[in-house]
J.: 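Please find one structure pasted underneath; my questions will follow.
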Amino acid sequence: MSTIAQKKGFGGTLWDFLTTVDHKKIAILYLIAGGFFFVVGGLEAVFIRIQLAVPNNDFVSAGAFNQIITMHGTTMIFLAAMPLLFAFMNAVMPLQIGARDVAFPFVNALGFWLFFFGGIFLNLSWFLGGAPDAGWTSYASLAIHSKGHGVDFYVLGLQIAGLGTLIGGINFLVTIINMRAPGMTYMRMPLFTWSTFVASAMILFAFPPLTVGLTLMMFDRLFGANFFEVAMGGNTVIWEHLFWIFGHPEVYILILPAFGIFSEIFAIFSRKRLFGYSSMVFATVLIGFLGFMVWAHHMFTTGLGPVANAIFAVATMAIGVPTGIKIFNWLFTMWGGSVKFTTPMYYAFGFIPSFVCGGVTGIMVATAAADYQYHDTYFVVAHFHYVIVGGVVLAILAATHLWWPKMFGTMLNETLGKITFWFFFIGFHLTFFIQHFLGLWGMPRRVFTYLPGQGFDASNMVSSIGAAFMSIGVLVLLYNIIMTQVKNVKVGNDPWGDGRTLEWAIPSPPPFYNFKQLPLVRGLDALWLEKMAGKKGMTPAEPLGDIHMPNASFIPFMISFGLFIAAFGAMYHKDYSWGLPVIILGLLVTFGSMFLRSIKDDHGFHIHKEDLVDDTEKGAKA
Amino acid sequence: MTNQQLNSGNPSVDIEYRRRKNAEEMRYQVVSFSLMIFLTLIAFASVAMKGFTSWFTVPFILLLAVVQVVFQLFYFMHMSHKGHEAPQLFLFSGVLVAMLTVLTFVTIIWW
């Protein structure tokens with residue numbers, strides 16, 4: 001196969017993306033799909049804020065409101081934030097460790113398509129009789145009595161999407177353990193790679209409880225079991241535990257990569273080694289462990305008893321320590337650095353105070369006795385939006401600007417980027433800061449309207465105006481993306497000029513084999529070291545040789561599509577006689593595709609040395 | 001890991017050293033195998049013997065099972081060898097998370 005790029009038509013490009021196993025293209029797929037769901041979830045947020053802008057509003061009905069809040073939470077966590085982070089992990093992590101791809105390229109594609117079909121399945125509920133309406137936590141006492149098929153969409157859709165996330169996480173783990181370039185020891189890995197590693201390990205341990213919970217729920221709702229039905233001897237609290245044993249690590253799965261992104265940004269644009277690298281690694285791992293010991297703080301008012309509440313409260317507050325270490329390290333990285341104010345750096349600056357606000361309210365709600373007061377009010381809504389929007393979403397936006405040149409070879413407009421930042425940042429604080437007070441004044445969460453004259457009117461209006469600001473920010477970003485891709489001005493290896501890690505040593509976007517020769521890593525911030533030594537690029541660690549590459553495959557798409565079909569069968573098998581055959585048909589497609597994969601030997605192909613030598617002027621220096 | 005490259009054809013492989021290593025390995029395996037049989041006999045005996053309540057035998061058998069799993073992992077699946085640090089870390093983390101869950105369930109949900 002030639003390495004010379006050929007011009008392809010639309011159909012060819014589409015087929016290329018449907019069958020790709022290249023981590024950089026899968027990253028783009030994750031970015032597009034995650035971005036789409038981010039816009040969908042954002043629209044749902046806008047509908048919520050329109051409904052709550054004035055008292056006694058009837059923009060949407062109470063039932064529709066429940067569906068919108070449920071889908072807003074579910075979409076934003078499972079279908080927007082995680083895939084967008086996966087996009088950057090896929091795009092950057094293999095480059096940062098000097099690998100030619102992830103460990104299992106085929107499985108990587110499978111993970112994406114499972115997530116994609118799970119997300120589509122979940123969102124089809126809007127058109128097929130109503131979305132899930134039991135909240136994103138889908139507590140069993142609400143969910144098993146929910147009418148219609150909404151919660152079934154939630155259970156089956158998340159099961160499929162969750163499978164994709166789980167195998168994606170395992171893939172990243174194996175990649176980081178086995179495929180680091182020569183010299184890339186664990187303690188020389190960039191912080192984004194470290195946080196990918198810890199987040200993937202958390203995915204490995206956190207998603208099985210969710211799978212178990214969803215399976216039990218599926219049997220309860222679709223096959224007549226009674227795991228959560230108290231009247232039949234079940235226990236509804238078990239769902240809450242299973243959900244939060246997954247759910248709390250989940251929020252660290254989101255925030256750790258965000259920390260990793262900001263650690264990269266602070267080092268790059270302060271033009272200084274990250275302060276306290278080893279303590280950052282230690283803090284990341286510690287947060288990973290502690291994340292599994294605190295889930296019951298979501299359930300303080302469930303009646304666990306004072307001993308359990310106290311244990312989980314203290315464990316929760318302990319997480320403030322490693323997080324504090326991180327905050328100080330970021331500040332000290334900037335201290336004495338030569339700080340350059342680029343768009344990603346704006347986000348990093350905005351992140352620190354915003355996230356600290358969320359952390360402070362986190363300690364407040366972690367205080368079990370006080371939590372009885374905050375529980376189920378807008379105070380909690382304000383808290384988790386401060387950590388998730390102020391932490392994760394700011395990181396995703398920052399990473400979009402930072403790594404856009406590496407993913408697409410073009411630079412997003414800096415002025416528009418800063419306009420996006422100001423609209424989004426001001427809008428975010430306008431929306432959520434006031435919600436702390438709404439909560440303390442007694443406004444409960446998850447209510448579809450409120451009466452006038454309770455002191456909630458003006459504050460809710462302020463909050464809704466903030467949401468409009470955030471929407472404008474996102475629209476400016478979309479405009480920026482379109483204009484940048486239309487102009488299509490290509491940039492070089494290191495467009496920011498201060499790149500420190502391996503991804504900036506190769507062309508933007510990298511050739512499909514990434515590194516012509518694997519680089520020799522001589523320390524932390526490998527590229528920066530070479531730059532400081534006066535060299536132009538990395539020293540190769542191996543002679544030029546044939547490169548083994550995997551073949552593209554349509555099978556991941558078919559495996560996922562089969563589960564998508566089977567999910568419809570499972571959902572409707574009680575209503576229609578075609579349900580059971582459709583389950584069987586879907587599973588046949590899935591297992592048939594897996595069988596085909598197993599019996600068909602696919603050894604991939606080699607890029608020959610001669611082709612690589614010709615490629616020199618296209619860059620791709622190791 | 002030590003006995004992986006026996007058939008590599010590499011002349012610098014010290015066959016004598018490998019053989020000694022393998023013999024040592026074999027001795028460990030035989031010892032742990034006989035220990036495991038012995039533990040199994042004890043487990044059967046604790047059930048067969050009269051005079052023990054189930055409050056003693058059930059935790060006791062579980063304890064013996066844990067010991068057997070450790071033998072299995074370290075002597076038969078070579079976890080005592082070098083290069084198994086990452087699998088060990090993940091195994092033990094997984095066990096920790098699972099035990100925490102079980103502990104919570106038995107203390108605050110069911111009893």
Side-chain angles (χ1 to χ4, degrees), chain A residues 169-170 173-178 180 186 197-198 200-210 212-213 227-228 230 233-246 248-249 285-286 288-297 299-300 302-312 315, chain B residues 1-13 18 21 25 54-55 58-59 61-63 65-111:
Chain A
I170 293 172
L173 278 178
V174 179
T175 306
I176 295 175
I177 293 176
N178 287 331
R180 284 165 290 129
Y186 279 110
F197 183 67
V198 176
S200 301
M202 296 184 76
I203 287 174
L204 177 64
F205 296 130
F207 270 72
L210 176 71
V212 170
F227 293 108
F228 304 125
V230 178
N235 189 337
T236 184
V237 181
I238 289 177
W239 166 268
E240 294 185 33
H241 278 284
L242 287 173
F243 186 86
W244 286 118
I245 290 172
F246 147 77
H248 197 81
V285 176
L286 192 62
F289 270 101
L290 289 176
F292 282 95
M293 304 172 195
V294 298
W295 76 88
H297 67 210
M299 304 165 57
F300 280 153
T302 309
L304 306 176
V307 176
N309 274 7
I311 292 171
F312 281 104
Chain B
M1 295 282 156
T2 38
N3 45 15
Q4 227 170 35
Q5 298 167 343
L6 265 183
N7 304 319
S8 67
N10 183 347
S12 65
V13 172
R18 299 282 164 149
K21 265 285 178 205
E25 187 80 355
S54 62
W55 283 101
V58 171
I61 292 177
L62 284 177
L63 180 75
V66 170
V67 175
Q68 296 231 15
V69 167
V70 171
F71 275 149
Q72 175 76 21
L73 286 175
F74 276 87
Y75 290 106
F76 289 97
M77 297 177 77
H78 304 292
M79 225 166 77
S80 52
H81 289 187
K82 257 194 207 151
H84 289 71
E85 292 80 7
Q88 268 186 44
L89 175 71
F90 278 88
L91 262 172
F92 292 136
S93 311
V95 168
L96 177 73
V97 172
M99 291 308 292
L100 268 175
T101 306
V102 172
L103 181 71
T104 315
F105 272 50
V106 298
T107 48
I108 61 179
I109 303 183
W110 291 322
W111 282 291

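Chain letters run A, B, ... following the sequence lines, proteins first, then strands; residues in each count from 1.
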J.: Where on A:L173 is there a heavy atom nearer than 4.5 Å to chain B: the side chain, the backbone, both, or neither?
T.: side chain
J.: Which atoms of B:T104 come close to chain A, meaning under 4.5 Å heavy atom to heavy atom: side chain ones, backbone ones, both, or neither?
T.: side chain
J.: Heavy-atom cut-off 4.5 Å, strictly under: side chain, backbone, both or neither for A:I177 against chain B?
T.: side chain
J.: Can you give me the closest heavy-atom contact between A:F292 and A:M202, atom names plus distance?
T.: CZ-O, 3.7 Å
J.: Return the set of residues passing ring pair (Phe, Tyr, Trp, His ring centres under 6.0 Å) with B:Y75 (not counting sequence neighbours), or none when no residue passes.
T.: B:Y28
J.: Please enumerate all residues that pass ring pair (Phe, Tyr, Trp, His ring centres under 6.0 Å) together with A:F227, with sequence neighbours excluded.
T.: none
J.: Below 30° counts as parallel, above 60° as perpendicular, anything between as tilted: where do the rings of A:F228 and A:W239 land?
T.: perpendicular
